Amino acid sequence: MQFIKTEIEGLVIIEPKVFGDSRGYFFESFNYKRFAENVREIEFVQDNESRSSYGVLRGLHFQKPPFDQAKLVRCIEGKVLDVAVDIRKNSPTFGKHVSVELSDQNKRQFFVPRGFAHGFVVLSKSAIFQYKVDNWYAPEHDAGIAWNDLELGIDWQIPHDSILLSEKDKGLKKLCETEIPF
């Protein structure tokens with residue numbers, strides 16, 4: 001397993017070592033000890049999974065304290081562009097983002113710590129997306145930022161008229177208009 005630091009402190013791309021042969025493949029998707037040594041100690045409390053079709057964009061979401069969450073995300077079928085935006089007010093990279101392609105082919109994972117807004121868009125016909133979180137989901141603490149905030153400069157890699165949003169995500173505001181609790 002390889003742990004790749006990104007240009008934003010705390011965001012880490014994880015590439016597993018995949019063992020494959022004519023029968024299929026095997027890889028270790030999570031190892032607490034190796035994660036603690038290379039990223040940080042963490043206790044995940046919930047696993048979530050979604051299935052979405054091409055163009056579905058989920059995000060950019062975060063939860064407000066005390067229910068803020070760190071996430072370890074991966075795409076187990078299909079391909080997505082995964083994005084994390086630094087929303088820590090005192091961070092030198094506030095408002096900056098890292099995007100990474102996650103797919104069933106590359107088997108990469110992306111660790112997104114607390115203090116980041118997170119989202120993804122489906123680039124393949126469909127995708128199954130899975131993630132672990134270190135805090136419980138609390139709908140009353142749910143918040144987000146508009147996916148198309150020009151100040152963020154995110155290239156979602158698909159035409160904007162192909163993007164499909166939930167009603168909740170359609171109502172999200174720009175970063176500069178959003179109450180940021182971090």
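Just the heavy atoms: all of them, side chains too, but no hydrogens, waters or symmetry mates, feed the values below. Note that this is a predicted model, so its numbers are computed, not measured.
- The nearest pair of heavy atoms linking S29 to M1 is C-CE, 4.3 Å.
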Side chain to side chain contact (heavy atoms under 4.5 Å, CB included) evaluation trace for V18 with K107: CA-CA 8 Å; V18 180; K107 299 183 182 14; 3.8 Å; yes
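- Closest heavy-atom contact between L102 and R108: CD2-O, 3.6 Å.
- Counting non-hydrogen atoms of neighbouring residues, nucleotides and ligands closer than 6.0 angstrom, the CG atom of D21 exceeds 12 such neighbours.
- Around OH of Y32, the count of heavy atoms belonging to other residues, nucleotides or ligands within 6.0 Å exceeds 12.
- Under the 4.5 Å side-chain heavy-atom criterion for grouping Ile, Leu, Val, Met, Phe, Trp and Tyr, V12 is connected to F30 within one hydrophobic cluster.
- Here the side chains of P16 and E28 are not in contact, with every heavy-atom distance at 4.5 Å or above.
- In this structure, L164 and V122 have side chains that are not in contact, with every pair of non-hydrogen atoms separated by 4.5 Å or more.
- Residues P92 and F94 fail the side-chain proximity criterion, which asks for heavy atoms closer than 4.5 Å.
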Criterion side chain to side chain contact (heavy atoms under 4.5 Å, CB included) on D82 and F129, from CA distance to verdict: CA-CA 10 Å; D82 199 78; F129 190 80; 3.2 Å; yes
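- The two residues G78 and S124 have their closest heavy-atom pair at CA-OG, 3.3 Å.
- At a threshold of 4.5 Å between side-chain heavy atoms, the hydrophobic network of Ile, Leu, Val, Met, Phe, Trp and Tyr places I13 and Y131 in one connected group.
- With hydrogens and angles ignored, the 3.5 Å screen pairs no side-chain donor or acceptor of S162 with any backbone N or O of I158.
- Hydrophobic clustering (side-chain heavy atoms under 4.5 Å, transitive across Ile, Leu, Val, Met, Phe, Trp, Tyr) groups L123 together with I163.
- Judged by distance alone, the side chain of D149 and the main-chain N or O of L175 form a donor-acceptor pair under 3.5 Å.
- At distances below 3.5 Å, not a single donor-acceptor pair connects side-chain atoms of S103 with backbone N or O atoms of K79.
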Stepwise side chain to side chain contact (heavy atoms under 4.5 Å, CB included) test for N48 and V133: CA-CA 8 Å; N48 301 308; V133 294; 4.1 Å; yes
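- The one candidate from V121, D169, L172, L165 that meets the side-chain contact (heavy atoms from CB on, under 4.5 Å) condition with W147 is L165.
- With values rounded to the nearest 0.5 angstrom, L11 atom CG is found 8.0 Å from T93 atom OG1.
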ring-ring contact (aromatic ring centres under 6.0 Å, His included) between F116 and F62, worked out: CA-CA 7 Å; F116 286 79; F62 64 93; over 10 Å; no
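- Seen from the ring of F110, K71 does not count as a face-on cation partner, given the 6.0 Å and 45° thresholds.
- Atom NE2 of H141 and atom CZ of F67 lie 5.0 Å apart (nearest 0.5 Å).
- R114 has a carboxylate O that lies under 4.0 Å from a charged side-chain N of D68, or vice versa, which qualifies the two as a salt bridge.
- The distance from atom CD1 of I145 to atom CG of L152, rounded to the nearest 0.5 Å, is 6.5 Å.
- Crowding of K173 atom NZ: a count of heavy atoms from other residues, nucleotides or ligands under 6.0 Å not exceeding 12.
- For T6 (side chain) and I8 (main-chain N/O), a donor-acceptor pair under 3.5 Å exists by modelled atom type.
- Counting all heavy atoms, side chain and backbone alike, C75 lies closest to A127 at SG-CB, 4.0 Å.
- Remark: the backbone N or O of K132 is not paired with any side-chain donor or acceptor of D47 at under 3.5 angstrom.
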Test log, rule side chain to side chain contact (heavy atoms under 4.5 Å, CB included), inputs N90 and R88: CA-CA 6 Å; N90 295 323; R88 301 168 296 178; over 6 Å; no
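- In K168, the NZ atom is crowded: over 12 heavy atoms of neighbouring residues, nucleotides or ligands sit closer than 6.0 Å.
- For the atom pair H118 NE2 and Q63 CD, the distance stands at 13.0 Å (nearest 0.5 Å).
- Counting only heavy atoms from C-beta outward, the side chains of E15 and I4 approach each other to under 4.5 Å.
- For CD of Q46, the number of neighbouring non-hydrogen atoms (other residues, nucleotides, ligands) closer than 6.0 Å is greater than 12.
- Surrounding CD of E41 are at most 12 heavy atoms belonging to other residues, nucleotides or ligands under 6.0 Å away.
- Listed for the H61 side chain is no donor-acceptor partner under 3.5 Å among the backbone atoms of D142.
- Looking at V56 and Y54, their side chains never come closer than 4.5 Å, going by heavy atoms from C-beta outward.
- Between L60 and A117 the shortest heavy-atom distance is CB-CB, 4.0 Å.
- For E101 (side chain) and L81 (main-chain N/O), no donor-acceptor pair under 3.5 Å exists by modelled atom type.
- Between R34 and E37, no side-chain nitrogen of the basic residue sits less than 4.0 Å from a carboxylate oxygen of the acidic one, so the salt-bridge criterion is not met.
- Ionic pairing of D86 and K96 is not present here: no N-O contact between side-chain nitrogen and carboxylate oxygen is shorter than 4.0 angstrom.
- Remark: E43 CD is loosely packed, at most 12 non-hydrogen atoms of other residues, nucleotides or ligands lying under 6.0 Å away.
- For the atom pair NZ of K17 and CZ of F27, the computed distance is 14.5 Å after rounding to the nearest 0.5 Å.
- Enclosure of atom CD in Q157 by more than 12 non-hydrogen atoms of other residues, nucleotides or ligands within 6.0 angstrom is indicated.
- Across all non-hydrogen atoms, the minimal contact from S99 to V83 is CB-CG2, 3.7 Å.
- With hydrophobic clusters built from ILVMFWY side chains whose heavy atoms lie under 4.5 angstrom apart, V98 does not share a cluster with I154.
- Close placement of the F35 and F111 rings is indicated, their centers lying within 6.0 Å of each other.
- Electrostatic pairing of R51 and E77 counts as a salt bridge here, judged by a charged N lying under 4.0 Å from a carboxylate O.
- Here R58 contributes atom CZ and F120 contributes atom CZ; the two are 5.5 Å apart, rounded to the nearest 0.5 Å.
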